[in-house]
Amino acid sequence: MSDQEPKFPMYKGKPLVRCGNVLYYGSMKDKYVCRLEIKSTKMVKDLPVADKVSVQLMLTEPTLHNRKQIVKTSEKPGLYLAMDIADAWLRRALAK
C-alpha cells in the first residue's frame, strides 16, 4: 500500500468503511463488495446497538445501474450476524 492511499480499519483482512449508518466491507478494486445498512438500533446500557441490518452483496462495476449491481440480499438481527454472512458471501464470490 502506498503512502497516498487511505488506511481503513480491517475486518478479516478486508477494508471496512463506514458512512453514517452504511458500512462497506471489501475493496472497491475487487469484483464484489458487501454493503451493510443499519436499519434500526436498540439501547443497551445507554449505547445504541444495531438491531436490524440489511446486507447486500454487490458488483463494483460502475457502469451497471444500482439495482443490477445487487447480487444477493438479506436482513439480519444484529451487526455480528450481518458481518458473518457478509464475510461468507464475499469470500465465496471472490473465490470464483
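Since the model is a prediction, treat every value here as computed from it, not as a measurement.
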Look up atom [atom1] in [X] and atom [atom2] in [Y], then write down how far apart they are to the nearest 0.5 Å.
X: Met83; Y: Lys12; atom1: CE; atom2: NZ; answer: 8.0 Å
X: Lys52; Y: Lys42; atom1: NZ; atom2: NZ; answer: 13.0 Å
X: Thr73; Y: Glu37; atom1: OG1; atom2: CD; answer: 10.0 Å

Should [X] and [Y] be counted in the same cluster of Ile, Leu, Val, Met, Phe, Trp and Tyr side chains packed under 4.5 Å apart?
X: Val22; Y: Leu81; value: no
X: Tyr24; Y: Tyr11; value: no
X: Leu36; Y: Met58; value: no

Thr60 side chain to Lys31 main-chain N or O, any donor-acceptor pair under 3.5 Å? yes

Main chain of Glu61, side chain of Gln69: is a donor-acceptor contact present, judged purely on distance under 3.5 Å?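 Yes, because the side chain of Gln69 sits within donor-acceptor range (under 3.5 Å) of the backbone of Glu61.
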
Please give me the minimum heavy-atom distance between [X] and [Y], naming the atom from each residue.
X: Leu23; Y: Leu79; result: CD1-CD1, 4.5 Å
X: Tyr32; Y: Leu94; result: N-CD2, 3.9 Å
X: Leu90; Y: Gly26; result: CD2-CA, 3.9 Å
X: Cys34; Y: Ala86; result: SG-O, 3.4 Å
X: Leu59; Y: Val71; result: CG-CG2, 3.9 Å
X: Ala82; Y: Ile85; result: O-CG2, 3.2 Å

Flag side-chain contact, heavy atom, 4.5 Å: [X] against [Y]:
X: Val33; Y: Arg35; result: no
X: Met28; Y: Val17; result: no
X: Pro48; Y: Met43; result: yes

Would you indicate whether Arg91, at its atom CZ, is surrounded by more than 12 heavy atoms from other residues, nucleotides or ligands within a distance under 6.0 Å? yes

Given the rule in the side chain to side chain contact (heavy atoms under 4.5 Å, CB included) test, do Lys76 and Asp84 qualify, once you have shown the distances and angles that lead to the verdict? CA-CA 10 Å; Lys76 297 295 175 192; Asp84 195 38; over 6 Å; no

